[in-house]
Structure formats: C-alpha cells, structure tokens
Amino acid sequence: MKTTFALTLAGTLLAGEAFAQSDIIIKQHAKDIRDRNNAAQGVTPPSAPAQPVRPAASTASPTPIQQSLAKVRADLAAIQPGGTVTVEQKHQLAQDLLATAQGASKPAAATVATLADQLSATLAQKPLPEKDRNRLLTDLAAVLNPANIQQSQMQAIFKDVQAIFQYNGVAAEDAAKITDAVKAIAAEARH
C-alpha cells in the first residue's frame, strides 16, 4: 500500500513538473512571437531580454572586429548628453567605425563620416542606454561586414537601427537620417 502511494505521488510530481516546464516553453514561444511582430513593425520590446554573458577565454585574443567595436563602444559612451561633440571625437568615431569593416569592399570614409556626424549629433541630444548601444553596435558590425548577410536580414537590421532610436525618444526624422546613413554604408560595403 505504501509503495503504491509513493509511486502515485512520484508520478503526480513528475507530471506536474512536466506541465510546468511546458508552460515555460509556451510562454517563451509567445514572447518570441511578440518580439518578432514588434520588430517587423519597427517597435522594440519594452524590455529586451538580456543576452547571456559569455566569459572570455583567457587564451583567446580579441579579433580585429572585436577590438574595433570596443573602440566604437568607448567613442559612443564618451558622447555626453547636452555636451558639444568635438571634431576630434567625430573623427575618431569615424575611424573606429571604418576599422570595423574587415571585408574586401569597404565603405568610403566620407560615408562613414556622415554616419559618425549623425550619431554624434543625436547621442549628444538623446543618449542610448547601454543595452541599446550594444544592439546598435551589433547592427553596425553586421552592416560593415555584410559578407554572409542576406538582403532580408539587412532590411531587418535597418528597421532595428531605426527602432532603437525611435524607442529611445529620438525624433523620427533624426532616426531616419541615421538609418539612411547606415543604408549607404551597407550599399558600399556590399560592392
């Protein structure tokens, strides 16, 4: 009798755990669908899920793209809201963005300088939170190195860039200028 009761209790607990896990999977799937629909409409989710942090291997050195992106991250973080962006800051940002392009076909320095000017002016007025700056850096790295990116993916990146700025309160016109500069870089980097 005790054995039957123990087996029944164990079976009930296992079934309850299985249902609880399927509930988590269903909720995550619903969130993924919501986020994809929002991204397709150009709206960023109110709280983007944090990307898991992977500890860096102590023996592996950063790639040239990672080194350049670290410099771009520092350049963007150095732009203070309400402050004046110096010509040197814009120039350094443009150089670091251009250094991120590793393919055979790189965008023109003037095109990258236009993006650096747009980013500098916008971030001096309305800074981005760190999570959105990181998303922007991921998008910029993809645009500057488009070798394995399909056109549909590139269109999603353009929408994401615009959504990042609009979600953070940047005027639609200014967000569109940045997106246009990113599109120009993509066009040059693909050829």
Side-chain angles (χ1 to χ4, degrees), residues 35-45 48-54 62-79 85 89-191:
D35 291 344
R36 274 187 260 137
N37 287 339
N38 285 343
Q41 295 174 6
V43 178
T44 58
Q51 297 295 325
V53 177
R54 295 180 186 172
T63 65
I65 292 176
Q66 291 171 332
Q67 292 172 348
S68 297
L69 284 175
K71 291 177 183 179
V72 172
R73 178 179 285 113
D75 295 340
L76 295 177
I79 298 172
V85 180
Q89 283 178 302
K90 290 179 189 179
H91 181 68
Q92 187 63 50
L93 176 59
Q95 280 185 325
D96 292 338
L97 282 168
L98 193 56
T100 304
Q102 300 293 311
S105 181
K106 294 186 181 194
T111 308
V112 176
T114 300
L115 176 61
D117 289 344
Q118 293 293 330
L119 286 172
S120 299
T122 301
L123 294 176
Q125 294 173 5
K126 201 77 161 159
L128 294 176
E130 184 177 350
K131 67 180 178 77
D132 290 331
R133 272 196 321 263
N134 289 337
R135 271 182 49 207
L136 177 64
L137 286 170
T138 301
D139 290 343
L140 292 175
V143 168
L144 289 162
N145 298 288
N148 297 322
I149 298 179
Q150 297 175 2
Q151 187 60 33
S152 61
Q153 293 171 313
M154 193 62 75
Q155 293 300 321
I157 290 170
F158 299 151
K159 287 180 182 179
D160 190 46
V161 169
Q162 183 144 0
I164 288 169
F165 287 100
Q166 284 185 314
Y167 179 76
N168 285 290
V170 173
E173 182 180 318
D174 292 334
K177 287 179 184 177
I178 292 171
T179 304
D180 289 343
V182 170
K183 287 178 182 179
I185 287 173
E188 291 181 9
R190 278 201 179 265
H191 293 94

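Every value quoted in this text rests on a predicted model; they were computed, and no experiment measured them. All residue numbers refer to positions in the sequence shown, counting from 1.
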Chemist: Any heavy-atom pair between the side chains of N134 and R73 that's under 4.5 Å?
Modeler: yes

Chemist: If you look only at distance, which donor and acceptor atoms sit under 3.5 Å apart when one is on a side chain in residues 119-126 and the other is two or more places apart or in another chain?
Modeler:
unit_1: S120; atom_1: OG; unit_2: A116; atom_2: O; d: 2.7
unit_1: T122; atom_1: OG1; unit_2: Q118; atom_2: O; d: 2.9

Chemist: Quick one, L93 and L97 - any side-chain contact, counting heavy atoms below 4.5 Å?
Modeler: yes

Chemist: Of all heavy-atom pairs between N145 and G103, which one has the smallest distance, and what is that distance?
Modeler: OD1-N, 3.7 Å

Chemist: Do Q92 and Q89 have side-chain heavy atoms sitting under 4.5 Å apart?
Modeler: no

Chemist: Which heavy atom of T179 sits nearest to which heavy atom of F158, and what is that distance?
Modeler: CG2-O, 3.6 Å

Chemist: For a quick test of reading the model, state the closest non-hydrogen atom pair linking I164 to R135 and the distance between them.
Modeler: CG1-NH2, 3.3 Å

Chemist: Treating E173 as the side-chain partner and V170 as the backbone partner, does any N or O pair qualify as donor plus acceptor under 3.5 Å?
Modeler: no

Chemist: Please examine the side chains of N168 and D132, heavy atoms only from C-beta on, and report whether any two atoms are closer than 4.5 Å.
Modeler: yes

Chemist: Would you call L76 and L137 a side-chain contact if the rule is heavy atoms closer than 4.5 Å?
Modeler: yes

Chemist: Do P107 and L144 make a side-chain contact, defined as non-hydrogen atoms from C-beta onward lying under 4.5 Å apart?
Modeler: yes

Chemist: Could you pull out all donor-acceptor pairs under 3.5 Å where a side-chain atom in residues 147-157 meets a protein atom, sequence neighbours excluded?
Modeler:
unit_1: Q153; atom_1: OE1; unit_2: Q150; atom_2: N; d: 2.8

Chemist: Do you know which two heavy atoms are closest between Q166 and A175, and how far apart they sit?
Modeler: CG-CB, 3.8 Å

Chemist: Please determine if K177 and D180 form a salt bridge, counting it only when a charged side-chain N lies under 4.0 Å from a carboxylate O.
Modeler: no

Chemist: For the residue pair Q162 and A172, what are the closest heavy atoms and their distance?
Modeler: NE2-O, 4.1 Å

Chemist: How many angstroms lie between atom OG1 of T114 and atom CD1 of I185, to the nearest 0.5 angstrom?
Modeler: 8.0 Å

Chemist: V112 and A94: which non-hydrogen atoms are nearest, and at how many Å?
Modeler: CG1-O, 3.4 Å

Chemist: Counting C-beta onward and ignoring hydrogens, is there a side-chain heavy-atom pair between F165 and L136 closer than 4.5 Å?
Modeler: yes

Chemist: Could you pull out all residues at least two apart from K90 that satisfy salt bridge (Lys or Arg N to Asp or Glu O under 4.0 Å)?
Modeler: none

Chemist: Let me confirm one number: the CG-CG distance from L98 to L115, rounded to the nearest 0.5 Å.
Modeler: 11.0 Å

Chemist: Given side-chain contact (heavy atoms from CB on, under 4.5 Å), test V161 with V143 step by step and report yes or no.
Modeler: CA-CA 11 Å; V161 169; V143 168; 5.9 Å; no

